[in-house]
Number of protein chains: 2
Amino acid sequence: MAVSVVLNGTGGRKVTVAPEKAERIREIARELRYQPNHVARTFRSGRTAQVAVVFQNFGHFRSHSSYRGDVMNGVMDALFPEGYTLSLCPKLMDERHPDAISDGRFDGVLWCRPDLSDASATALQHARVPVVMMHAPAGTVLGVPTFCADNEGAMRRVVAHLVSLGHEKLAFVIDPVSEHSIEGQSRAEALKSAARRVGLQEPDVIVLGQDHRILSRYAEPDAPHTALVCFSDELAGFVLKSCEQFGIDVPGHVSVVGFDSSPLCETTRPRLTSVAQPVERMAFEATTHLLSLIRAAEEGKPSQSATSTLYDCVLDIRESTAPPPAH
Amino acid sequence: MAVSVVLNGTGGRKVTVAPEKAERIREIARELRYQPNHVARTFRSGRTAQVAVVFQNFGHFRSHSSYRGDVMNGVMDALFPEGYTLSLCPKLMDERHPDAISDGRFDGVLWCRPDLSDASATALQHARVPVVMMHAPAGTVLGVPTFCADNEGAMRRVVAHLVSLGHEKLAFVIDPVSEHSIEGQSRAEALKSAARRVGLQEPDVIVLGQDHRILSRYAEPDAPHTALVCFSDELAGFVLKSCEQFGIDVPGHVSVVGFDSSPLCETTRPRLTSVAQPVERMAFEATTHLLSLIRAAEEGKPSQSATSTLYDCVLDIRESTAPPPAH
DNA sequence: TTGAAAGCGTTACCAT
DNA sequence: ATGGTAACGCTTTCAA
């Protein structure tokens, strides 16, 4: 009816309403406290103006990590000025409902969860809405653009720093959960390849579960490694704590490097040297790209081939790295 | 049709379908990659299974404060197991669209934004969905339940701590934005009343904008106050920085107390004594209550009178408080 | 310029 | 047991 035209400015822009009638409509609407029903409009138009964000390791982000906050800041900065709503949906977080992606609720999905199962991968690939991934290398899922830290470059910087201090025997430390994630594999490989580049022996990969006794040997002069490069700051934090318990001096006996350069790094003793990914910027640009894909899809444009973007990481050098012990 | 019954288990539970037909339906659905349209179901049922959270001072939460993360953790812990989706909506964050609350998209709203304008207050009161507020004293908006820190109790603890150290001249420090918020007023009043209780002179209220020169006098022996109780950790952090610039020793010349006991408190020099609110628990319980209101409304139960819950705060004593300087 | 009608996908109800 | 029909609120198209 005319009401729709007057109040919501729609109506194929071919319809005009007499000014006085329009005024009367507005008045009555005010009187009745009329609110256009957003769900009905969404239903009719097929446009939800809503974007979902899916996080990895959901429970883990209760820690002091600022990761989730950084992602959300970037996402909101991209979404809100464009009028999009951000949605965190339990079904999407749960591996068991992978095709909730395409249930019509979301115009697009930002998938920050490289630990994907086969079912999720299939669902992502067949999603009826645009999807963008963070923290996954190019081509992880066919047709899905990726925004990822340059793990190779990051590990080259880590190795350069450690080598400049005199280290030769490195190890990569990872937790059993992340071990099988794409990002975990990618960082482990990147460290190995960076070490190879400078002629170092290949770093070992240490999977560190509940039992940290393996760390106890690092006080001894014949320790197998003098520097531990950790998958995350959180893990590095646990390593520091265990070292303290075992009477191992960091960085005197062994150097420790984290990943993310979160606020946690400033609170540990010693303060933690760590790789900084520009998480907020990655999230912002990934989301912006997602919006452009959404608009293209709405205008019926053919989907372009998937792009992939790598982000340079810097090494924030703090106090947990130093020359290895002299023999 | 039968399809609805078979695939979505609905259909007034009076309808039955022959097993073989049901199987055929399922098969075809699989073949077509059929996905029930969630928007249509929402439209039809009027139930969105979506709850909105509205934050205060949106821009401010880019800081190291863990506030927003704490709230979100509590909210998600309450929502996700019940299958509700969390939504952050730019319209709700924006004062100009207050009645987006009732546009049908949300089954309920958690309003963490005591800095409300008159328009928002009216919108909250007339909302067609249940609303719950955090950080606002009882009765802030008629009919809206509140979940709030016990500012009175918190300030009594702060005063007790400072008095035990020997302080007599206190001030409340607040930024110009928070000054007019309900929570700002409430904490200022709470400090005054706590001081009065123990026979201290009434604390001054210092509104601290960009210009911190007013702090320079605290190095002098006749400084008007020996302890500054700040509205937030963030503000306290700025105070610490300015003090350092002016050569004022904290806690030697003046003691500083924050509010929130966020991770920031561990990173400042000296580490910041601060009041801890159980933000995550508050958010969890507020959200749980919201869900119960939503269910009651769905079942057509009359709305109960609004409850209000106060949360005990503890004082985390760190390094920024000490006895006042001897004259 | 205005009004009437169809349809989006789902589900509840009521005839068969 | 089965399947047809109407309705949710909105927007667009078409006819008056």
Side-chain angles (χ1 to χ4, degrees), chain A residues 1-50 83 85 91 97 99-107 127-129 297-300, chain B residues 1-50 83 85 91 97 99-107 127-129 297-300:
Chain A
M1 3 197 155
V3 175
S4 180
V5 179
V6 173
L7 295 178
N8 304 324
T10 54
R13 66 203 46 172
K14 307 217 127 194
V15 184
T16 44
V17 181
E20 63 240 8
K21 178 144 279 195
E23 192 38 56
R24 212 167 70 85
I25 289 174
R26 267 188 277 268
E27 193 182 328
I28 294 178
R30 227 173 297 128
E31 217 166 272
L32 298 176
R33 294 190 152 272
Y34 168 81
Q35 274 283 114
N37 181 319
H38 190 271
V39 174
R41 301 179 77 172
T42 285
F43 174 50
R44 167 73 226 225
S45 67
R47 229 189 132 257
T48 64
Q50 184 154 233
T85 294
K91 266 200 180 165
H97 305 276
D99 22 62
I101 301 173
S102 307
D103 72 1
R105 252 182 305 187
F106 311 112
D107 285 345
R128 292 202 261 264
V129 295
E298 280 169 0
E299 292 167 15
Chain B
M1 6 189 150
V3 175
S4 179
V5 179
V6 173
L7 295 178
N8 304 324
T10 54
R13 68 201 45 171
K14 303 221 127 187
V15 184
T16 43
V17 182
E20 62 240 6
K21 178 145 280 193
E23 191 39 55
R24 212 167 68 85
I25 288 174
R26 267 188 277 268
E27 193 182 327
I28 294 179
R30 227 173 295 128
E31 218 166 89
L32 299 176
R33 294 187 152 276
Y34 166 81
Q35 274 283 113
N37 181 320
H38 191 271
V39 175
R41 301 179 79 172
T42 285
F43 173 51
R44 167 72 225 217
S45 66
R47 230 190 131 258
T48 63
Q50 185 153 230
T85 295
K91 267 201 179 163
H97 305 277
D99 20 64
I101 301 172
S102 307
D103 73 1
R105 252 183 302 186
F106 312 112
D107 285 346
R128 292 202 263 263
V129 296
E298 281 169 358
E299 292 168 16

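Hydrogens, waters and symmetry mates play no part in the numbers below; they use all other heavy atoms, side chains included.
Separating the CD atom of Glu20(A) from the P atom of dT2(C) is a distance of 7 Å, rounded to the nearest angstrom. Rounded to whole angstrom, the span from the CG atom of Asp103(A) across to the C1' atom of dT10(C) amounts to 13 Å. One can place NZ of Lys21(A) at 9 Å from C1' of dT1(C), the figure rounded to the nearest angstrom. Rounded to a whole Å, the CZ atom of Arg47(B) is 18 Å from the P atom of dG9(D). Remark: P of dG3(C) and CD1 of Ile25(A) are 8 Å apart, rounded to the nearest angstrom. In this structure, Gln35(B) atom CD and dC8(C) atom P are separated by 19 Å, rounded to whole Å. If you take CZ of Arg44(A) and P of dT10(C), they are 16 Å apart, rounded to a whole angstrom. Nucleotide dC8(D) holds its P atom 21 Å from the NE2 atom of His38(B), rounded to whole Å.
Heavy-atom neighbours of Arg128(A) CZ from other residues, nucleotides or ligands within 6.0 Å: above the threshold of 12.
Aromatic stacking of Phe43(A) on dC10(D): not satisfied for centres closer than 5.5 Å together with planes under 30 degrees.
Side chains of Asp107(A) and Glu298(A) form a contact here, defined as non-hydrogen atoms less than 4.5 Å apart.
For the pair Arg41(B) and dG9(C), the criterion of a side-chain N or O lying under 4.0 Å from OP1 or OP2 is not met.
One finds the OG1 atom of Thr42(A) at 10.5 Å from the CZ atom of Phe43(B) (value rounded to the nearest 0.5 Å).
Of all non-hydrogen atoms in Arg41(B) and Pro36(B), the two that sit nearest each other are NH1-CB, 4.1 Å.
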